[in-house]
Each structure stands twice: as C-alpha cells, then as structure tokens.
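First the structure, in the form of structure tokens, and then the observations on it.
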Amino acid sequence: MLQIDLIRREPAVVKAKLAKKHFTNTEVVDEIISLDQKRKLVKSDVDDLLSQRNNISKEIGNLLKTKLPEDIAKAEQLKNEIAAIKDKIAVLEKDLEIIELAQFNHLVSLPNLPADIVPEGRFAEDNLCVFCVEEIPNLPETALPHWELAAKYDIIDFELGVKLTGAGFPVYKKQGAKLQRALISFFLDEAIAAGYVEVIPPLMVNKDSAFGTGQLPDKEGQMYHITEDEFYMIPTAEVPITNIYRDIILKESQFPVKMVGYTPCFRREAGSYGADVRGLNRLHQFDKVEIVQIQHPDKSYETLDNMVAHVEGLLKKLELPYRILRLCGGDMSFGSALTYDFECYSAAQKRWLEVSSVSNFESFQSNRLKLRYKDANGKNVLAHTLNGSALALARIVACLLENNQTENGIRIPDALKPYTGFEYIH
RNA sequence: GGAGAGAUGGCAGAGUGGUCGAUUGCGGCGGUCUUGAAAACCGUUGACUGUUAAAGGUCCGGGGGUUCGAAUCCCUCUCUCUCCGCCA
C-alpha cells in the first residue's frame, strides 16, 4: 500500500510511476486525494463535537457530585444539550466511515511504484537480461524431458499424485525424494552460512497476514482458502515469515533482519494449462526455500544486490545455466518496486524456467504490516522489506534432471553430493 | 468436543461508572557517582491522527450496545490458560 502522504504531496509523480507499471486508471489517485480532503474536514468536525461532548460530560459529573438540587437540575439540562450533539456525531461518523472505506479500497488497489531503473515495457519480452551464461547446453535429440526421466528412474510419480489429490501434486519417490531433501538442506545451509536465521513457519495464515504481504485482496483467487477456519494455505513462505514482523517497531541497530525458511508452497494456478504445466513446470504444491530481509530504507537496494548475489551463488554451485532478468514495469508483481528473476535453462524442453524472484518492496508491505523502526529523532518510519526464492525446488529439479542426464544416469553436482549421498540417479 | 477462568503499555501487574492514556515494579534511554563497570540515587520512557507548532480527537483483544460519561456494565466474536475427553 502506498503512503497517503506521498500521494498527497506528489500526485503527478505517483501517476507517472504508476503508468510505468501499466496502471493507467489515474482518476483513482485524484479520487484518493479528494476523499482525503473530505475525510479531514469531516474528521475535524467530528473531533470538535466529541470534544464538546467530553467537556459537557465532565461538567455533568462535577455538578452531580455537589448533590445540590440546582446543580442536579443544571445537569439534566446539559444532558438534553448533549443529545443533539450525539445525533450530529452519529451522522458525521457514518459519513466518515463511508469515506474512509472508499479511500482504503482505492488505496489498496494501487500497485507499488517501480524503481527508476525498472525497464519500460509490458510483457516478458520487455524484461532486461542483465546476465546470461555464455554456454547454453545443447543436448542430443534423444535427450528426454524431465517427466520422462522421472518415470524412467521412478523418482517422481505424477499419476500417483493425481490419485491422491489431483494434477499438480506429484509424489517424489526413492532417489527423487532424497534429492528433494538434499536440495532443501543445501539451500538452508547456504542461507544460514550467509547469516540468515532459520524459521519454520505455519503453512496456513490468517487474513491479517495475507493482507500484510499483499496477497489480499489482490490475489485472493490464487490461494487455497480454508473457509471453515478462515485460513489461507501459504503461496510462499514470504507471507508467514515477513508477517513475523507485523506491528513491530524495530531499533535501527536491529537492521538488517535476515530470515530464511523452507516450506511447501500452495498455489491454485487457476487457468493454467498445456505445456506450461507439464511435469514440474507448474505445480499446485512445490517446495521452496525463501530468504527475507527487513532493512533500513537507505540500504535496501544494496541488500537487494546481496540477495541477488546469494541466489546466483547457489545456481553456480549447482552448475546450472542461468540468466538474470530485471523485470519490466508490466511484468513485475503488484507490490514490488524492483524485481530480478532468475531463469534456468531446461535443456530438453529448450526453454527457460523461472526458479527465483528477488524483490525489493520498499515500504509497500511495511505500510500494510505497520513494520517500522525508530529513527535517530525518535520518529517511527516504515522499514523496507525484501524477499527472494533461494531457491524454488521443482523447476531446479527439472533442470537438473534434463541437463545432467548421461548414459550412466543423472549426474549429481558436486556441491550436492554430501547431501544426497549418491553421485548418480539410476 | 464439554466445563470454568482470563485478555490492560516492551514485560509483569493494579484499576468495577467521572480529572485514567491509565498506580506501581521490571526493562529501555539520559544523568549523578566511578579509572571503568555494577550498585545506589535523580530524571525520562506507548501508538495513530492532526498542525508550521499546537489545541483537539482516537486507541485498555476485535465488533456492537447501555449511559450525559465505559478499561470498568451488557451482547457477540477471536484468542489464551486450567480441568475433563480425544490424540501425533
């Protein structure tokens, strides 16, 4: 959620930046400002009336204390006076409620403003490739896609998942299950070595948490919703982990807060179909290790670079061909100010798969979360939040299987061998 | 699932209808003392809104009600604790 203060002060700048994100409904900005002016007027009227009421009530209290007949009569008179004030308050408070609700609804409909270096553009093709490995693997035509390798070595069973739950819920078996665990441990250990504190959060969150990180109201349809208890299955560990710091006022000395967590992630992915969802490409449940940082606004972009470097280090250790994209305004997520996507090359499918997304949300989430720090002047200021996948498992597995297939089986990268305990899947 | 008790500031814990944004203790911060530290002593210490600054307003788990006036009374929801039942 954008800060109302910024919208008030710099409406033109806000509109221009929204346009870069292809949010062109600029009348919303004007509407927010006009509602804000109305709100202030009504609020100040209500406050005046409340102030009058408070004073009269105090007076009544004092009069009644004396127990003198004339004072009691006076008190009764004042009670009548207050009745009229109360009616006025009731009317104005109703107005105020309507105005505030309208303003809130408009405010939460605005996406975050993109950073200056975000490229112009609307679609994936407009993303700026800031790094790409020199050699993209070129496998022989006989190379198998990962879903066939999964069947060949009996390590991932998609059909069985359909039986148990439905499409998009694979069952990992044997060396496939071990590989999964190995990757999770490897990613966690790397993050812990980089100073992140590990947490294991709940896999379901309440409405407040889903709102805090921006999933609600914007992406309601993408989460599994447990209606009986009003819980949402987490689409990413970002939600519970970042919400640990909801309603918190940090000291500056606590920056940066660094957390890492492994969780399964649940996504409804309504409307997806075809080659896009084949095999491990897009699942309803997948595993992910997520890194989250909370940082001083002056340092958040430096931190974003650190997080990008961390993810890059993981891909290097896994010996996977990757590229890094700086997302264009139209392709970025709702709440992000700057996002780098990491894509790995899936050599048998001959396509790039997104395996990580690292973003700086600036104060967009913290405004909703009321996540602040006390600055040197004792003023409470919104902190910046960042997060990134480090890494998302399923697509990494897809690339590992495809790119590393040999006549002897699937080769495990050196960095992973201590975790798998085997060098080949066969 | 059944029965009961409770939810107050960073924490502990007073407050049952009026000057209570809230006694007090701990913690935090600043100071005196000290070579330094501890102890002791003194002072200070919630958030939001609003404003040039203020005044004013709001907040005692959430929502609603009674009242001139609610932390305090009533209703309701959520959560926590204790006992019983069930159980990894």
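Just so it is clear, the model here is predicted, and its values are computed rather than measured. Quick note on labels: first sequence line is chain A, next is B, and so on, each numbered from 1.
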Task: Euclidean distance for P, G30(B) against C83(B) (whole angstrom) - done: 44 Å
Task: Distance, C1' atom - from U80(B) to C68(B), rounded to whole angstrom - done: 36 Å
Open item on the list: Distance check, C1' atoms only: G21(B) and G46(B), in whole angstrom units.
Closed with: 9 Å
Open item on the list: With heavy-atom distances below 4.5 Å as the criterion, would you say the side chains of I82(A) and S57(A) are in contact?
Closed with: yes
Task: Phosphate contact (G50(B) OP1 or OP2) by R8(A) side-chain N/O below 4.0 Å - done: yes
Task: P gap between C81(B) and U8(B), integer Å - done: 14 Å
Task: Watson-Crick or G-U wobble mate for G21(B), both contacts under 3.5 Å - done: none
Check: protein-nucleotides 74-78 of chain B nitrogen or oxygen pairs below 3.5 Å:
none

Open item on the list: On the nucleotide C48(B), are OP1 or OP2 found under 4.0 Å from the side-chain N or O atoms that R372(A) carries?
Closed with: yes
Task: Identified pairing partner of G56(B), criterion: Watson-Crick or G-U wobble below 3.5 Å - done: U49(B)
- [ ] Check every atom of G18(B), A47(B), G50(B) against the side chain of S57(A) and return the nucleotide holding the closest atom.
- [x] G18(B)
Task: Interatomic distance where NZ belongs to K374(A) and P belongs to C48(B) [whole Å] - done: 7 Å
Task: Gap between atoms CD and P, on E97(A) and G64(B) respectively (whole Å) - done: 7 Å
TODO: Using atom CD of E93(A) as one end and atom C1' of C59(B) as the other, report the distance to the nearest whole Å.
DONE: 14 Å
Open item on the list: Need the pair for A3(B). Rule: Watson-Crick or G-U wobble, both distances under 3.5 Å, any strand; none if unpaired.
Closed with: U82(B)
Task: H384(A) vs H296(A) side-chain heavy atoms within contact, under 4.5 Å - done: no
Open item on the list: Partner lookup for U35(B), please. Criteria are Watson-Crick or G-U wobble with both distances under 3.5 angstrom; report none if nothing qualifies.
Closed with: none
Open item on the list: On the six-membered ring of Y424(A), is R411(A) placed so that its NZ or CZ lies under 6.0 angstrom from the centre and within 45° of the ring axis?
Closed with: no
Task: Pair Y373(A) + F255(A): ring centers closer than 6.0 Å - done: yes
Open item on the list: Nearest whole Å is fine: how far is G57(B) P from D47(A) CG?
Closed with: 8 Å
Task: Distance, C1' atom - from G4(B) to G10(B), rounded to whole angstrom - done: 31 Å
Task: Phosphate contact (G69(B) OP1 or OP2) by K86(A) side-chain N/O below 4.0 Å - done: yes
- [ ] Take G61(A) and Q52(A), find for each the nucleotide of RNA chain B with the closest heavy atom, and name the residue whose nucleotide sits nearer the 5' end.
- [x] G61(A)
Task: Comparing I60(A) and V46(A) on RNA chain B - which has the more 5′ nearest nucleotide - done: V46(A)
Open item on the list: Using the rule given for side-chain hydrogen bond (donor to acceptor under 3.5 Å, both in side chains), can you reason through Q295(A) versus Y301(A), listing the C-alpha separation, both sets of side-chain angles and the distance that settles it, and then say yes or no?
Closed with: CA-CA 9 Å; Q295(A) 182 57 290; Y301(A) 279 95; over 6 Å; no
- [ ] Using the P atoms only, state how far U58(B) lies from C20(B), rounded to an integer number of Å.
- [x] 16 Å
TODO: Report which part of the nucleic acid K370(A) touches: base, sugar-phosphate, or nothing (heavy-atom distance under 4.0 Å, all strands).
DONE: nothing
Task: Pairwise P distance for C60(B) and A71(B), with rounding to whole Å - done: 7 Å
TODO: Could you check which of G56(B), U51(B), G69(B) has an atom nearest any side-chain atom of K40(A)?
DONE: U51(B)
Task: Separation between the P atoms of U49(B) and U34(B), rounded to whole Å - done: 45 Å
TODO: Quickly work out the D36(A) CG to G50(B) C1' distance and round it to whole Å.
DONE: 12 Å
Open item on the list: My understanding is that a pair needs two contacts under 3.5 Å, Watson-Crick or G-U wobble. By that rule, which nucleotide pairs with G43(B)?
Closed with: C29(B)
Task: Gap between atoms CG and P, on L50(A) and C68(B) respectively (whole Å) - done: 16 Å
- [ ] Measure the distance from CG on N380(A) to C1' on U45(B) and round it to the nearest whole Å.
- [x] 13 Å
- [ ] Respond yes when some side-chain nitrogen or oxygen of N54(A) is under 4.0 Å from OP1 or OP2 of U58(B), and no when none is.
- [x] yes
Task: Whole angstrom value for the distance that separates C1' of G57(B) from NZ of K43(A) - done: 5 Å
Open item on the list: Taking the ring centre of each residue, are F266(A) and F286(A) less than 6.0 Å apart?
Closed with: no
- [ ] Tell me whether the centres of the aromatic rings in H426(A) and Y153(A) are closer together than 6.0 Å.
- [x] no
Task: Pairing partner of G69(B) (Watson-Crick or G-U wobble, both distances under 3.5 Å) - done: none
TODO: Could you tell me if the ring centre of Y196(A) sits under 6.0 Å from that of H310(A)?
DONE: yes
Open item on the list: Between Q180(A) and Q175(A), is there a side-chain donor-acceptor contact under 3.5 Å, judged purely by atom types and distance?
Closed with: no
- [ ] Can you sort out the partners of K288(A) under salt bridge (Lys or Arg N to Asp or Glu O under 4.0 Å), two or more places apart, ordered by chain and number?
- [x] E290(A)
